[in-house]
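Accompanying notes for the structure given below.
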Amino acid sequence: QVQLVESGGGSVQAGGSLRLSCAASGYTYTSSNNCMGWFRQAPGKGREGVATITNYGSTSYAESVKGRFTISKDNAKSTLYLQMNSLKPEDTAMYYCAADPQLVRCWLSASLYRYWGQGTQVTVSS
């Protein structure tokens, strides 16, 4: 059974940094079509893609976070990370980790991902 558990959320002031982690268990796919990513959902809004990473380490980012956020993973620890710098109030949202073993491309579309964590809250104050 696949489990994704996020941690690292919290409250910070604008300009601050946070590092999110996603520990994966039961998920050991190493196929070329394996994708993992971070998504977020603010109150009253849909779930949007933030960043994704392929099995080989290629990354994609939403335009709104490019240059500020960095996605990475440690295969030995089965852990996905999201380093968030220069945080803005508009980054406030619940952040979710997601994974899917059979995507042709690691799209930033939430509807394509099969496995999800429970989320971790990020709040950025001005």
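Keep in mind the model is a prediction, meaning the values are calculated, not measured.
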Residue pair L103, N33: steps toward the side chain to side chain contact (heavy atoms under 4.5 Å, CB included) verdict: CA-CA 5 Å; L103 293 181; N33 293 341; 5.5 Å; no
Pairs where residues 41-50 contributes a residue and the test side-chain hydrogen bond (donor to acceptor under 3.5 Å, both in side chains) is met, not counting sequence neighbours: R40-E48, Q41-R47
Closest contact, heavy atoms only, Y27 versus C35: OH-O, 3.9 Å
Side chain T79, main chain K77, donor-acceptor under 3.5 Å: yes
Point-to-point distance, once rounded to the nearest 0.5 Å, from SG of C106 to CG of L112: 10.0 Å
Minimum heavy-atom distance V5-Q118, with the two atoms named: CA-OE1, 3.8 Å
Atom CH2 of W107 with >12 non-hydrogen neighbours under 6.0 angstrom: no
Shortest non-hydrogen separation from P101 to Y115 and the atoms involved: CD-CE1, 4.1 Å
Beyond-backbone contact of C97 with L4, side-chain heavy atoms, under 4.5 angstrom: yes
Spacing of Q13 atom CD and S125 atom OG [to the nearest 0.5 Å]: 5.0 Å
Single-linkage hydrophobic cluster Y96~M36, side-chain heavy atoms < 4.5 angstrom: no
Check: T70 and Y61 side chains under 4.5 Å, non-hydrogen atoms: yes
4.5 Å side-chain heavy-atom contact, K73 and T54: no
Donor-acceptor side-chain pairing of S17 and N85 below 3.5 angstrom: yes
CA sep, side-chain torsions, deciding dist, call: T59, F69, side chain to side chain contact (heavy atoms under 4.5 Å, CB included): CA-CA 11 Å; T59 58; F69 290 10; over 6 Å; no
Test side-chain contact (heavy atoms from CB on, under 4.5 Å) applied to M84 and L18, V65, D91, V50, the passing residue: L18
W116/F39 aromatic ring centres below 6.0 Å: yes
Q102 and D100: side chain donor to acceptor below 3.5 Å: no
Heavy-atom side-chain contact between I71 and Q83 under 4.5 Å: no
Contact check, side chains of Y81 and C22, non-hydrogen atoms, under 4.5 Å: no
All side-chain contact (heavy atoms from CB on, under 4.5 Å) counterparts of T120, not counting sequence neighbours: E6, L20, Y95
For S126 against P89, the heavy-atom pair lying closest together: CB-CG, 3.9 Å
Heavy-atom closest contact (L108 atom, S60 atom, distance): CD2-O, 4.3 Å
